[in-house]
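Step one of this worksheet: look at the structure below.
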2 protein chains.
Amino acid sequence: MLSDVMEDYLKAIYVLQTEDGPPVSTSSIAERVGKTPPTVTSMLETLEEHGLVEREKYKGTELTAEGRTVALEVLRHHRLLEAYLAEHLDYSWSEVHDEADALEHHISEEFERRVAAVLGDPAVDPHGDPIPGEDLEPPVDDDVRPLTEVAVGDRAVIARVSDRDDEELEYLDRAGITPGTAIEVLDIAPFGMVTVEVNPEADGGDTDTDTDAGDVDGTATDSDAGREQSLPEAIAASVRVRPVDGATDTVATDAGVGGA
Amino acid sequence: MLSDVMEDYLKAIYVLQTEDGPPVSTSSIAERVGKTPPTVTSMLETLEEHGLVEREKYKGTELTAEGRTVALEVLRHHRLLEAYLAEHLDYSWSEVHDEADALEHHISEEFERRVAAVLGDPAVDPHGDPIPGEDLEPPVDDDVRPLTEVAVGDRAVIARVSDRDDEELEYLDRAGITPGTAIEVLDIAPFGMVTVEVNPEADGGDTDTDTDAGDVDGTATDSDAGREQSLPEAIAASVRVRPVDGATDTVATDAGVGGA
DNA sequence: TGAGAGAATTAGACGAGTCTAACGGAAGTA
DNA sequence: TACTTCCGTTAGACTCGTCTAATTCTCTCA
């Protein structure tokens, strides 16, 4: 009923608005969906006519309640598919994104239900992104921040990684940086290079949180204990972590809810 | 690269040309894809420009080798998906068609390979339709004929049922007429009503053939032995059977390879 | 052989989604 | 306040896939 294209725009707006707060700019949408700004303007008019977004000309756009519901439905499809592909078709978590993008608009509600059922209604996908529930309420997600905003010496658990850049994902995978992994920040150098210890001796807190990703492909295990990894700023900024109890509360900017 | 729409036309032409032989008429394609004849004409021009069909104006259309390969690829996707949905997501064989139709254009080659692998490279889908191999050579399928063309008293095994009409499929499902089931034709009445015995005492031949569907949902089992079922002509004509050794060779018209 | 029926094609329009080029508004800076 | 720059919107065109209405072709049958 709504076209795939419309759904893609709504999904993009939802993610942008979760990351940076509403309203979102035409150009940021354009960049995310890979279209030109005039194209986006014209699509936003269409979406507005359908009651899915509200716009203030030259200012920005935000989703209506209805638009958000549609976006969450698509996101639920996407993330359930990612989880399913990783769990049942032997995909690694760095491979699932494109396949899920292609399928998310075309699965039925029945398919969604059955996939959710065989997965046991998972709370997060393999990248650590929260999967919206069947009620399509926006998932809340406190206390998650970019790795770049953790203080040196603090411990944290990887909450999620971006799902949009294959190379970056491969890099993180090799480094053992996967959702659910415990880390300690050893150093933050000039220009933002972050050095972490992967799986420091387990005394700093609980490695498994309530929204654990389930160690989908088994790449990083306790045998990685104590490895040191240095991450360029660009990559560290896209890694979200959940501080372990007792960690210093640092910079309190927007905590962000990246990924798609 | 080719659009979904083009793939749908090619698939339709393939099936029609398998059923009735080339060339296929514009109006039969129109009926199958649910579009008007002028729309079909214009799409056929496009497909011809792409080297996927050959046409003789006012006469008919047939696939080129390249067009056939594309059609077989789509058909392989469709039927693998049907098999997968039935086997791993608990769909009944009467439910899988629409879901497979929606997904067949959007799965990657990687997905195709993985699905085929976990299924163990099945030869047929849950409706009994042959699944083209990875080589995309046209599956050959001798000795299969409509149920209406079996002589009274002969035994046969259900080879396949149409996958396109939900009501009809439910009817057959309830009647225990599923791919792999043995039957004996008891009577063919005026107006084509066919009466069969489902699972006659097993001495007439092998119930499992080389291309067995694998009894996907377990609906019809040997406990149905001896049930009599009468099928209206319209339904019986869409059920394809493979005669059991020793059966009379009857009408030798086109044997057909229905389904999608 | 010619008329009529039925099928296919041509003609022309339209909506969706996209683009480039040109214009206009918003916001900071001199 | 006026300039400048960046961003967003408007204008206008294009492609794709579709439709309806009108035309043309093919084939059969008298």
Side-chain angles (χ1 to χ4, degrees), chain A residues 1-14 16-17 19-63 67 70-71 74 101-102 104-106, chain B residues 1-14 16-17 19-63 67 70-71 74 101-102 104-106:
Chain A
M1 216 215 333
L2 295 186
S3 70
D4 303 0
V5 174
M6 284 182 181
E7 291 184 351
D8 275 333
Y9 280 91
L10 293 171
K11 183 176 69 159
I13 296 166
Y14 177 83
L16 289 169
Q17 143 176 325
E19 276 171 4
D20 309 328
V24 302
S25 70
T26 300
S27 51
S28 63
I29 300 169
E31 196 196 336
R32 196 160 230 277
V33 299
K35 302 283 156 61
T36 63
T39 300
V40 172
T41 297
S42 114
M43 179 53 76
L44 289 175
E45 284 164 0
T46 306
L47 293 173
E48 192 170 33
E49 282 160 20
H50 282 75
L52 299 163
V53 301
E54 255 164 48
R55 246 145 64 76
E56 214 174 333
K57 259 200 195 171
Y58 294 101
K59 293 292 175 48
T61 300
E62 64 186 290
L63 295 174
V70 174
V74 178
D101 251 6
E104 64 189 6
H105 306 295
H106 305 104
Chain B
M1 216 219 331
L2 295 186
S3 70
D4 302 1
V5 175
M6 283 181 182
E7 290 183 351
D8 275 333
Y9 281 90
L10 293 171
K11 182 176 70 160
I13 296 166
Y14 178 83
L16 289 169
Q17 146 176 322
E19 276 171 5
D20 308 329
V24 303
S25 70
T26 299
S27 51
S28 64
I29 299 169
E31 195 197 335
R32 196 160 229 277
V33 299
K35 302 283 156 60
T36 62
T39 300
V40 172
T41 297
S42 113
M43 179 54 76
L44 290 176
E45 284 164 0
T46 305
L47 293 172
E48 191 169 32
E49 281 159 20
H50 283 74
L52 298 163
V53 303
E54 254 164 49
R55 240 148 68 75
E56 213 174 336
K57 259 200 197 169
Y58 295 100
K59 296 291 178 48
T61 301
E62 62 187 290
L63 295 173
V70 173
V74 178
D101 252 5
E104 65 190 5
H105 306 295
H106 304 105

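Quick note on labels: first sequence line is chain A, next is B, and so on, each numbered from 1. Note that the coordinates shown come from a computational prediction; the quantities given were computed from them, not determined experimentally.
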Point to revise | Donor-acceptor pair, side chain of A:E7 and main chain of A:H105, under 3.5 angstrom | key: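 Judged by distance alone, no pair lies under 3.5 Å.
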Check your understanding: What is the minimum heavy-atom distance between B:V24 and B:G21, and which atoms define it?
Key ->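 It is CG1-O, 4.2 Å.
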Exercise for review: Would you name the heavy atoms of B:I29 and B:Y9 that are closest together and state the gap between them?
Suggested key: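 Residues B:I29 and B:Y9, closest heavy atoms: CG2-CD2, 4.0 Å.
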Give the rounded distance in Å between these two atoms: [atom1] of [X] and [atom2] of [N].
X     : N      : atom1 : atom2 : result
B:L44 : C:dT10 : CG    : P     : 11 Å
B:I29 : C:dT9  : CD1   : P     : 9 Å
A:D8  : C:dA16 : CG    : P     : 17 Å
B:E7  : D:dC16 : CD    : C1'   : 16 Å
B:L10 : D:dG17 : CG    : P     : 12 Å
B:L2  : D:dG17 : CG    : C1'   : 15 Å

Check your understanding: Could you give the angle between the helix axes at the two ends of the helix from C:dT1-D:dA30 to C:dA30-D:dT1, with five pairs per end, rounded to 10 degrees?
Key ->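 That helix gives 20° between its end axes.
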Practice item. Describe the nucleic acid contact of B:T41 in one word from base, sugar-phosphate, nothing, applying a heavy-atom distance below 4.0 Å. Key: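 Base contact - B:T41 has a heavy atom under 4.0 Å of at least one base atom.
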Review point. Using a heavy-atom distance cut-off of less than 4.0 Å, which residues of residues 45-63 of chain B contact DNA chain D?
Key: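 Heavy-atom cutoff 4.0 Å gives B:Y58, B:K59.
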Check your understanding: For B:E62, does the CD atom sit with more than 12 other heavy atoms under 6.0 Å from it, leaving out its own atoms?
Key -> yes
Check your understanding: OP1 or OP2 of D:dG8 sitting under 4.0 Å from any side-chain N/O of A:S27?
Key ->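 Answer yes for this pair, as a side-chain N or O of A:S27 is under 4.0 Å from OP1 or OP2.
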Check your understanding: B:S3 side chain N/O closer than 4.0 Å to the phosphate oxygens (OP1, OP2) of D:dG17?
Key -> yes
Practice item. Please identify each residue that fulfils side-chain hydrogen bond (donor to acceptor under 3.5 Å, both in side chains) with B:T26, with sequence neighbours left out. Key: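 Here no residue qualifies.
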With a 4.5 Å heavy-atom cut-off, do [X] and [Y] have their side chains touching?
X     : Y      : value
B:L10 : B:L2   : yes
B:L16 : B:E31  : no
A:D8  : A:E104 : yes

Exercise for review: Give the intermediate values and the outcome of side chain to side chain contact (heavy atoms under 4.5 Å, CB included) for residues A:V74 and A:M6.
Suggested key: CA-CA 11 Å; A:V74 178; A:M6 284 182 181; over 6 Å; no
Let me have the donor-acceptor pairs involving side chains of residues 37-49 of chain A, under 3.5 Å, with sequence neighbours excluded, atom names and distances please.
from	atom 1	to	atom 2	distance (Å)
A:T39	OG1	A:T36	OG1	2.9
A:T41	OG1	A:P37	O	3.2
A:T46	OG1	A:S42	O	3.2
A:E48	OE1	A:R55	NE	3.2
A:E48	OE2	A:R55	N	3.4

Review point. Among all residues two or more places apart in sequence or in another chain, which pass the ring pair (Phe, Tyr, Trp, His ring centres under 6.0 Å) test with A:H106?
Key: B:H106
Dump every N/O contact between nucleotides 18-20 of chain C and the protein below 3.5 Å, one line per pair.
from	atom 1	to	atom 2	distance (Å)
C:dT18	OP1	A:K35	NZ	2.6
C:dT18	OP2	A:Y9	OH	3.2
C:dC19	OP2	A:T36	N	3.1
C:dC19	OP2	A:T36	OG1	3.0
C:dC19	OP2	A:T39	OG1	2.4

